[in-house]
2 protein chains.
Amino acid sequence: MHSFLHSVRPNINPKVYSKDPFSSELGKKIIAESIVMIDEVGLESFTFKKLANRLETTESSLYRYFENKHKLLIYLTSWYWALMEYRLLYTTANLPIHEKIHASVKIICTPLSEEMIEGEVSLQKLLNIVIAESPKAFLTKDVDSENKEGYFTGFKRFSGLLGDIIKIVNPNYEYPYSLASVVIESAHYQRFYAAHLPKLCDARQESQLIQFLTDLINKTIQ
Amino acid sequence: MHSFLHSVRPNINPKVYSKDPFSSELGKKIIAESIVMIDEVGLESFTFKKLANRLETTESSLYRYFENKHKLLIYLTSWYWALMEYRLLYTTANLPIHEKIHASVKIICTPLSEEMIEGEVSLQKLLNIVIAESPKAFLTKDVDSENKEGYFTGFKRFSGLLGDIIKIVNPNYEYPYSLASVVIESAHYQRFYAAHLPKLCDARQESQLIQFLTDLINKTIQ
DNA sequence: GTTTATTGACAGTAATACTATTAAAATCGT
DNA sequence: ACGATTTTAATAGTATTACTGTCAATAAAC
């Protein structure tokens, strides 16, 4: 798989941005550099002022693209899930059903390769952000209204696809969609724990994590 | 089990507070009312100023107990996990090993009963906070230093206990501690999803959640 | 009854998260 | 090449947040 974004651009809910960042040079720089900065300093310390300084532009220019940093975060995670959905469909398309689960888990646990996207954006850093910051995007008092606006469809669709695969493998299993979301969240948390709170896990390496989660799904659904 | 906190007080790392909130009336009111307020408005909108207003005291008085709201959150979650550890040990103490897993999952998925604690504090609301806000306590750039200070031992210990049980049931299973933390996090996330993002789960009721997670553990470890 | 701890009242600061206005620069259609 | 339009830069300003510091009033402890 290579740089498909030259032809395919992920579909992101226009409500999350005020002005399409991919419609201008500044917009693209905002995306690329915000990923670098949020990964570097964390969402809490990240401000539009700092980003403006680094991009040698002004706060007000940034506010033309995103109402606030929360919406920018939603944008970044939506983008991630759109890429992941494409990757999942692309990779599992021609696989026999019994191989799809392992392939899916592998996709969830392995960072997007840098070739998948044009130049400036670091997908490894984007994954770091999804792991460490994306729960903050929906664990808020605005979940319900933002969910209604469709801010989380990317994640929901991806999780739904994995749920669908699980359902096909065993149509009698009662909790395919719960199991799917558990596996996705866990892939992120276990990676974070391995790096920062190692007492909470024994799956320290990517290969172990993939084995752990694949096994978890397969055994659970028989 | 009844109001054991009359005799047992959870042991909380003194580094998280500047002044022990249980050493004064104001301190206790801070704990009780911050739980109500954080549950009500969410961590983002919760400020010491608002809390001071509601308690008819001043910001500076609150700052004498907690350096900032992040430390207050750490305190509340530590407290929760200390209670849960006690509950887990108490409840599973005399059970045969094959029943301990189901009992543990039940404990994780069922809110602490109000009788467990003296008067003013709502344990249901404390659980809401643990579900919706506690990831924000460790998904920060300060994890490593705060972990070193022991801010997360409560959660780590609890998760470790469940891991130990899993290990006893099947000593050959490779990922008992990963499985334990997955189940605990999932119990919280699935509850949140059921309420706010129902597409992400099929285990909508507490009883289903308990069944889903018990089954997940049992099947995974054979 | 005096020391000591605790709280309340008040003032103040730096940073954050914005909004608004206007001018300059780039781009775009014809 | 021209004016029209869009985009950005520069600047200013506001409300709120997240604190810190000082000092007096009060309550508790010895």
Side-chain angles (χ1 to χ4, degrees), chain A residues 14-34 37-38 40-76 120 133 136-137 140-142 145-146 151, chain B residues 14-34 37-38 40-76 120 133 136-137 140-142 145-146 151:
Chain A
K15 283 174 188 161
V16 316
Y17 51 81
S18 311
K19 179 178 171 170
D20 181 7
F22 277 95
S23 70
S24 75
E25 277 312 305
L26 179 62
K28 283 177 220 168
K29 275 197 239 164
I30 290 171
I31 299 305
E33 197 58 28
S34 67
M37 275 194 85
I38 294 174
E40 205 176 294
V41 305
L43 190 68
E44 287 73 25
S45 314
F46 169 81
T47 69
F48 275 14
K49 194 171 195 170
K50 289 176 191 167
L51 180 60
N53 283 339
R54 204 179 288 187
L55 291 175
E56 289 181 304
T57 180
T58 59
E59 269 183 283
S60 42
S61 297
L62 303 183
Y63 278 108
R64 253 175 247 118
Y65 289 85
F66 295 99
E67 270 179 56
N68 48 52
K69 71 177 172 182
H70 179 248
K71 294 239 175 146
L72 172 56
L73 176 65
I74 305 262
Y75 184 92
L76 295 178
E120 329 76 16
E133 317 293 357
K136 301 168 194 168
T140 72
K141 288 289 164 188
D142 300 320
S145 61
E146 297 192 342
Y151 288 14
Chain B
K15 284 174 187 162
V16 315
Y17 51 82
S18 311
K19 180 179 171 167
D20 181 8
F22 277 94
S23 70
S24 75
E25 277 312 305
L26 178 61
K28 282 176 221 167
K29 276 196 238 162
I30 290 171
I31 300 304
E33 197 59 29
S34 66
M37 274 194 87
I38 295 175
E40 204 176 294
V41 303
L43 191 69
E44 289 72 26
S45 313
F46 169 80
T47 69
F48 274 16
K49 193 171 195 170
K50 289 176 190 167
L51 180 60
N53 284 338
R54 206 181 284 188
L55 291 175
E56 289 179 304
T57 179
T58 58
E59 271 181 282
S60 43
S61 297
L62 304 182
Y63 279 107
R64 260 176 232 122
Y65 289 85
F66 295 100
E67 272 178 56
N68 48 53
K69 72 176 170 182
H70 179 248
K71 293 238 173 146
L72 171 57
L73 176 64
I74 304 262
Y75 184 92
L76 296 178
E120 328 78 16
E133 318 293 357
K136 302 168 192 167
T140 72
K141 289 289 164 187
D142 300 321
S145 62
E146 297 191 342
Y151 287 14

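Predicted, not measured: the structure shown is a model, and the values here were computed from it. Excluded from the calculations below are hydrogen atoms, water molecules and symmetry mates; all remaining heavy atoms, backbone and side chain alike, are included. The sequence lines fix the lettering, A, B, ..., with proteins before strands; numbering per chain opens at 1.
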Using a 4.5 Å cut-off on heavy atoms from C-beta on, say whether the side chain of [Y] contacts that of [X].
{"X": "Phe66(A)", "Y": "Ser34(A)", "answer": "no"}
{"X": "Pro21(B)", "Y": "Ile30(B)", "answer": "no"}
{"X": "Tyr65(A)", "Y": "Leu26(A)", "answer": "yes"}
{"X": "Tyr63(A)", "Y": "Glu59(A)", "answer": "yes"}

Quiz item: Do any of residues 42-56 of chain A sit with a heavy atom less than 4.0 Å from DNA chain C, and if so which?
Solution: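 When residues 42-56 of chain A is checked for heavy atoms under 4.0 Å from DNA chain C, the hits, listed by number, are Thr47(A).
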Quiz prompt | Between P of dG8(C) and OH of Tyr63(B), the distance in whole Å | solution =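 Rounded to the whole Å, the gap is 16 Å.
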Self-check item: Euclidean distance, atom CD of residue Glu59(A) to atom P of dT14(D) [Å, nearest integer]
Solution: 16 Å
For [X], give me all partners under side chain to side chain contact (heavy atoms under 4.5 Å, CB included), at least two apart in sequence or on another chain.
{"X": "Asn68(A)", "result": "His70(A), Lys71(A)"}
{"X": "Lys136(A)", "result": "Leu43(A), Glu44(A), Glu133(A), Lys136(B), Leu139(B)"}
{"X": "Asp142(A)", "result": "Thr140(A), Ser145(A), Glu146(A)"}

Quiz item: Got more than 12 heavy atoms from elsewhere within 6.0 Å of NZ, Lys29(B)?
Solution: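 Not more than 12 within 6.0 Å, no.
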Quiz item: Does NZ belonging to Lys49(B) count more than 12 external heavy atoms closer than 6.0 Å?
Solution: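 Result for NZ/Lys49(B): open.
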Quiz item: Does Phe46(A) have any ring pair (Phe, Tyr, Trp, His ring centres under 6.0 Å) partners at least two apart in sequence or in another chain, and if so, which?
Solution: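 For Phe46(A) there are no ring pair (Phe, Tyr, Trp, His ring centres under 6.0 Å) partners, ignoring immediate neighbours.
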Quiz prompt | Partners meeting side chain to side chain donor-acceptor pair (under 3.5 Å) with Lys19(A) (sequence neighbours left out) | solution =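 If we apply the side chain to side chain donor-acceptor pair (under 3.5 Å) test to Lys19(A), skipping adjacent residues, there are no hits.
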Quiz prompt | Any residue meeting side chain to side chain donor-acceptor pair (under 3.5 Å) with Ser45(B), in chain and number order, not counting sequence neighbours | solution =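 Expected list: none.
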Exercise. Can you see which heavy atom on Gly42(B) is nearest to which on Lys141(A), and at what distance?
Key: N-CE, 3.6 Å
Exercise. Kindly give the heavy-atom pair with the smallest separation between Val16(B) and Tyr75(B), and that separation in Å.
Key: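 Minimum heavy-atom contact is CG2-CD1, 3.6 Å.
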Name every donor-acceptor pair, under 3.5 Å, that has one atom in a side chain of residues 51-58 of chain A and the other anywhere in the protein, sequence neighbours excluded.
residue	atom	partner	partner atom	Å
Arg54(A)	NH1	Glu33(A)	OE2	3.1
Arg54(A)	NH1	Glu40(A)	OE1	3.4
Arg54(A)	NH2	Glu40(A)	OE2	3.0
Thr57(A)	OG1	Ser61(A)	OG	3.4
Thr58(A)	OG1	Ser60(A)	OG	3.4
Thr58(A)	OG1	Ser61(A)	N	3.4
Thr58(A)	OG1	Ser61(A)	OG	3.0

Could you list the protein-to-nucleotides 4-8 of chain D atom pairs, N/O on both sides, closer than 3.5 Å?
residue	atom	partner	partner atom	Å
dT7(D)	O5'	Lys19(A)	NZ	3.4
dT8(D)	OP1	Ser24(A)	OG	3.4
dT8(D)	OP1	Tyr65(A)	OH	3.2
dT8(D)	OP2	Lys19(A)	NZ	3.0
dT8(D)	OP2	Tyr65(A)	OH	2.7

Quiz item: Between the two end axes of the helix from dG1(C)-dC30(D) to dT30(C)-dA1(D), each built from 5 base pairs, what angle do you get to the nearest 10°?
Solution: 30°
Practice problem: Using a 4.0 Å cut-off on protein heavy atoms (strictly under), produce a 5'-to-3' string for nucleotides 25-30 of chain D with B for base contact, S for backbone-only sugar-phosphate contact, and - for none. | Solution: ------
Quiz prompt | Those residues of residues 67-76 of chain B lying under 4.0 Å from DNA chain D by at least one heavy atom | solution =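 Output list: Glu67(B), Asn68(B), Lys69(B).
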